[in-house]
Amino acid sequence: MDKHLQSTLHEDRIFPPSDDFSARARIKSRKELDALRAKAEADHEGFWAGLARKELDWQTDFTQTLDESHAPHYQWFSDGKLNISYNCLDRHLAAHGDKTALIFEGEQGDTRHISYRELHREVCLFANGLKSLGVAAGDRVILYMPMTPEAVIAMQACARIGATHSVVFGGFSAESLKDRIENAGAKVVITADGGHRGGKVVALKAATDDALSRGCESLEKVVVLKRAGNAVTLQDDRDVWWHDLIEGQDETCEPLWVDAEHPLFLLYTSGSTGKPKGVQHASAGYLLNAITTMKWVFDIRHDDIFWCTADVGWITGHTYVAYGPLAVGATQIIYEGAPSVPDMGRFWKVCQDHKATIFYTAPTAIRALMKAGDDIPANYDLSSLRLLGSVGEPINPEAWMWYHRVIGGERCPIVDTWWQTETGAHMIAPIPGAVTTKPGSCTLPLPGIAIDIVDPDGQPISEPNQGGVLVIKKPWPSMIRTVWGDDQRYYDTYWGMFDGKYYVAGDNARRDEDGYYWIMGRIDDVLNISGHRLGTMEVESALVAHPQVAEAAVVGRPHAIKGESIFAFVVLKGERSADGIDEDLTRELRDWVAQQIGPIAKPDDIRYADNLPKTRSGKIMRRLLRTIAAGEEITQDTSTLENEAILQQLQGKT
Ligand code: WT7
């Protein structure tokens, strides 16, 4: 069997930054970038210590940069003290208090502009409200909220008083909410009557009541924001309206100075077992990398209007909505709803109306918007945009090219940012004024981030284009500190594979002859065809490059001779045949893949569907597809699926 993962994707298009863009950028050339990287390599700790003192306001300076004594629970700047909300709000007030911090647009079209001074006031009022409920430093507070400014206000208020927040995405069920409240031992839930999403009201308070009726011993209080105006019942001794809670509170709230390592938040990811996994982040290191990446990767400037479309329920909505943009004093857009309301032009309308300059979204959204056709974005003025970003999964070159051409007007660099909930901030990404991009590659590791690719024995793979396991070799400030309440799981999941030597991200990747990284897929998803090991990404990319294909997911299906054969699930741009079978097109697609990649990657089976099974964050659930491809009964928990109804179709039953 191949020791290395075989790579088959060939991509020769390159896009150097324009002179215009580079001239105005924070980092203007590859030379400047390489110098920064060399500085970090020469003195890893000194590099981060210098940035920590430059970018953060400390109440007490630190004397130790990196503490490895509890490795792999690394600690950064641990005897320093600061407050995260102070760093996001207070420090901007003197010079930029009247600058707009948030431009909010609700799904129904209501808008609000909130300045830094107003945001500071709202955060103080709410922080005092939380204190009046008995919330103190170290207490856990769950947020289960719509994507409105109050979600950011609540997160900042927790940070201000040292409470540890955990945001549960509003699309999750009562049962998932209950699991997370219990795992965190949370004292307070902050929710809303409802939020607008997809043209409907999501009944958040009702789901909260349902969750609490199932257990949640630790829970004392529920704060309810009035947002959608739907009917709710408040339990006298337990529930309080947001507006009643802040009524009469003091408009100032002294920030609580906490240790650099103080737990800022927990964020649950599903992991491979059912039990939710609470990724715990610390304070100073987390905010430091939120800031450095806002500056390096998004090249953020004072006059930018930044829009990251992620919900605060995901890490992207933490680092690039609730914390990063505020810490650098930027203006950002927050949109409450779905991209499809009232039609697939909504994102472009929001960009146009609020003059977005930087737009950051996920490949799954890009492909859905691309499927809707070029004439939709053509109706909007997108000339304010200067930079585009992508996050969450590998962006296939076809979607990249569409994004570049139709949305970016061939003018905007695209930053394809590789990172994870656990890394806290971008790890591999282009610096837009300095790095030539290649569609489908997240390009080069950021300064101070020690990425490598190793074989199953942990030996670095130096030959270009050989796929292997992506690892991070040195600790970095915004890294995960532990899995909440389960240090063993932290070790086993991220460090066990190479005995604690490297952080293991769980992805396979290759590095090309220019040192560019190409993510090939999750380690668990590798296809094993007649002894050749292939990543899912490249086969999917080849399929999506066909003019009729909008989306594709491939998995291995047990095969008597080959070990595994490739089973592809395909979503077409136009109509599909009713039974999900189309022999002519299947023949054409098989030949197409054979031509693009080689006969080895030819799917044996292709099934057509209207959609793919995705998690609420838009990731394809390949585990589920493997079960379907093998013709087995689905026994996995499917409640976290965005679209449960699609399962019948994928099984060929409709
Ligand atoms: C996994 C992390 C990072 C915030 C959102 C997802 C995949 C993420 C990319 C990218 C290729 C990517 C990886 C990673 N991923 N960004 N630019 N190119 N793959 O966070 O849910 O923690 O998922 O998403 O597989 O390990 P997450």
Side-chain angles (χ1 to χ4, degrees), residues 9 11 167 169 265-272 276-281 286 289-290 293 297 308-324 360-367 388-397 399-400 403 414-430 437-446 449 451 467 469-472 478-480 483 493-494 503-511 516-526 535-538 540-541 553 614-623 640 642:
L9 182 84
E11 177 57 64
V167 184
F169 175 57
F265 64 87
L266 316 178
L267 188 55
Y268 287 89
T269 66
S270 32
S272 46
K277 182 168 70 177
V279 171
Q280 189 230 301
H281 279 285
Y286 171 76
N289 286 154
T293 53
V297 181
C308 162
T309 67
D311 188 277
V312 287
W314 315 123
I315 188 70
T316 313
H318 283 58
T319 310
Y320 301 110
V321 178
Y323 291 107
Y360 187 41
T361 198
T364 175
I366 298 168
R367 284 191 299 269
L388 302 174
S390 169
V391 58
E393 25 161 2
I395 177 166
N396 49 289
W400 196 104
Y403 202 26
I414 297 179
V415 288
D416 175 358
T417 58
W418 180 87
W419 59 299
Q420 310 179 292
T421 304
E422 295 84 348
T423 69
H426 304 155
M427 299 283 105
I428 312 179
T437 54
K438 306 184 186 186
S441 168
C442 48
T443 75
L444 304 166
L446 295 178
I449 304 298
I451 304 279
V469 174
L470 182 74
V471 296
I472 309 182
S478 65
M479 68 196 298
I480 174 177
V483 171
T493 311
Y494 305 106
Y503 170 85
V504 179
D507 285 347
N508 281 123
R510 70 181 163 99
R511 196 169 42 218
Y516 280 47
Y517 284 79
W518 300 76
I519 305 297
M520 301 172 81
R522 297 290 295 169
I523 292 176
D524 299 342
D525 293 335
V526 167
T536 48
M537 156 68 183
E538 300 186 340
E540 289 165 4
S541 259
K614 292 192 190 143
T615 64
R616 307 269 166 175
S617 62
K619 280 206 187 6
I620 295 165
M621 288 179 79
R622 289 195 185 70
R623 246 184 309 144
T640 55
E642 172 82 38

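These numbers come from the heavy atoms of this one structure, side chains and all, not from hydrogens, waters or symmetry mates. Every number for a ligand or one of its atoms is a count from 1 in the order of the listing.
- Tyr268 and Thr421 share no side-chain donor-acceptor pair at under 3.5 Å.
- For Arg616, the side-chain contact (heavy atoms from CB on, under 4.5 Å) partners at least two apart in sequence or on another chain are Phe169, Phe172, Trp314, Glu642.
- For Asn396, the side-chain contact (heavy atoms from CB on, under 4.5 Å) criterion is met by Arg367, Glu398, Ala399, Ser541, Val544, not counting sequence neighbours.
- Taking Arg510 as the reference, Ser7, Leu9, Asn465, Asp512, Trp518, Met520, Glu538 meet the side-chain contact (heavy atoms from CB on, under 4.5 Å) condition, with sequence neighbours excluded.
- A side-chain N or O of Thr417 and one of Tyr360 form a donor-acceptor pair less than 3.5 Å apart.
- A donor atom on one side chain and an acceptor atom on the other are found under 3.5 Å apart for Thr293 and Tyr320.
- In this structure, ligand 1 sits under 4.0 Å from heavy atoms belonging to Ile315, Thr316, Val391, Gly392, Glu393, Pro394, Asp416, Thr417, Trp418, Trp419, Gln420, Thr421, Glu422, Asp507, Ile519, Arg522, Lys619.
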